[in-house]
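The structure appears below as structure tokens.
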Amino acid sequence: MRRPKGYWYPPGLLYDLAFLTMFRGLRRRVARAVEDGRLYPWLDVCCGTGDQLRDRARGRARGHVPLVRVPVLARSRGHVPGVRVPALCGNELAIGLDLGFGFVRYAAARAPGVPFVCADAARLPFNSGSMRAVSVSFGLHDKSPESRAAILGEARRVLAPDGRLIAVDFENPWNAASRAGALVAWAIERLAGGDHYRNGREFLRRGGLRALLREHGFAECERRNIEFGSLGMVVARPL
Ligand SMILES: C[S@@+](CC[C@H](N)C(=O)[O-])C[C@H]1O[C@@H](n2cnc3c(N)ncnc32)[C@H](O)[C@@H]1O
């Protein structure tokens with residue numbers, strides 16, 4: 001059978017090759033947080049290869065790829081019109097969103113039936129209060145402080161009053177095992193280099209995920225500290 005366009009996107013393949021197995025447990029934990037709270041609709045921003053939502057494609061026929069491209073919104077100024085959340089997947093709608101069109105196309109090709117949107121997480125094309133979960137994994141540490149603020153501001157805007165932010169990102173190490181884990185993270189970040197690396201170091205100097213969420217008015221409801229990689233997985237509510 002012919003593969004959908006984007007199925008062999010090299011950066012997506014490389015990312016999956018490097019991290020698919022490593023992040024399996026994390027993906028399960030994020031999905032469980034959504035599932036346990038029945039937090040739908042669920043928006044995964046900075047979704048990259050779409051790995052987080054891939055298991056939601058199980059059982060769907062390959063071929064139909066609902067792919068939405070919103071290139072103008074990312075660049076437009078002023079009013080951004082809201083896009084109504086489609087009633088696509090019954091009452092368990094989950095949507096992936098990324099700024100990179102190659103990643104979005106790859107994600108959609110690998111998860112048939114799951115909607116992916118190409119747009120800026122700092123200017124979300126969704127109505128206020130339309131999501132009950134927004135997740136962001138490894139999508140904050142590499143940004144400038146202004147971008148992080150904009151992304152968290154948008155997450156807050158689109159979340160319903162009882163909605164939850166689910167964030168996975170780096171923390172400063174808290175024990176010997178997490179110090180070893182932080183070394184692995186440092187090596188990967190060093191390979192990424194450039195602004196990604198510099199922003200990541202600055203993110204930790206400011207106190208990591210814990211401090212960022214506090215600074216932007218999110219209160220932690222649940223936290224899991226993961227020594228490998230020196231990571232935090234946090235379920236938080238907007239204050
Ligand atoms: C390190 S990857 C993380 C991918 C995925 N969340 C994961 O856990 O594997 C960061 C992703 O954020 C995307 N990205 C960067 N800036 C963005 C923005 N302003 N809006 C949406 N996505 C963005 C990049 O294209 C990239 O795919």
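This structure is a prediction, so every number in the text was calculated from the model and none was measured. When a residue number appears, it is its place in the shown sequence, counting from 1. Just follow the structure's listing: the first ligand is 1, and inside any ligand the first atom is 1.
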All pairs passing salt bridge (charged side-chain N to carboxylate O under 4.0 Å, His left out) where residues 140-149 contributes a residue, at least two apart: R148-E202
For residues F138 and F23, establish whether the separation of their ring centroids is below 6.0 Å. yes
Quick check: F203 with F170 (ring centres under 6.0 Å apart)? no
Does anything in residues 217-239 form a ring pair (Phe, Tyr, Trp, His ring centres under 6.0 Å)? List the pairs, not counting sequence neighbours. none
Under a single-linkage definition using a 4.5 Å side-chain heavy-atom cutoff for Ile, Leu, Val, Met, Phe, Trp and Tyr, are M22 and V184 assigned to the same hydrophobic cluster? yes
Side chain to side chain donor-acceptor pair (under 3.5 Å) partners of H141, counting only residues at least two apart: D169, E189, H196
May I have the N/O to N/O pairs between ligand 1 and the protein that fall below 3.5 Å, each with atom names and distance to one decimal?
from: ligand 1; atom 1: 6 (N); to: C46; atom 2: O; distance (Å): 2.7
from: ligand 1; atom 1: 6 (N); to: S137; atom 2: O; distance (Å): 2.8
from: ligand 1; atom 1: 8 (O); to: R27; atom 2: NH1; distance (Å): 2.9
from: ligand 1; atom 1: 8 (O); to: R27; atom 2: NH2; distance (Å): 3.3
from: ligand 1; atom 1: 8 (O); to: S137; atom 2: O; distance (Å): 3.4
from: ligand 1; atom 1: 9 (O); to: Y15; atom 2: OH; distance (Å): 2.7
from: ligand 1; atom 1: 9 (O); to: R27; atom 2: NH2; distance (Å): 2.8
from: ligand 1; atom 1: 19 (N); to: D120; atom 2: OD1; distance (Å): 2.8
from: ligand 1; atom 1: 20 (N); to: A121; atom 2: N; distance (Å): 2.8
from: ligand 1; atom 1: 22 (N); to: L99; atom 2: N; distance (Å): 3.1
from: ligand 1; atom 1: 25 (O); to: D98; atom 2: OD1; distance (Å): 2.7
from: ligand 1; atom 1: 27 (O); to: D98; atom 2: OD1; distance (Å): 3.4
from: ligand 1; atom 1: 27 (O); to: D98; atom 2: OD2; distance (Å): 2.8

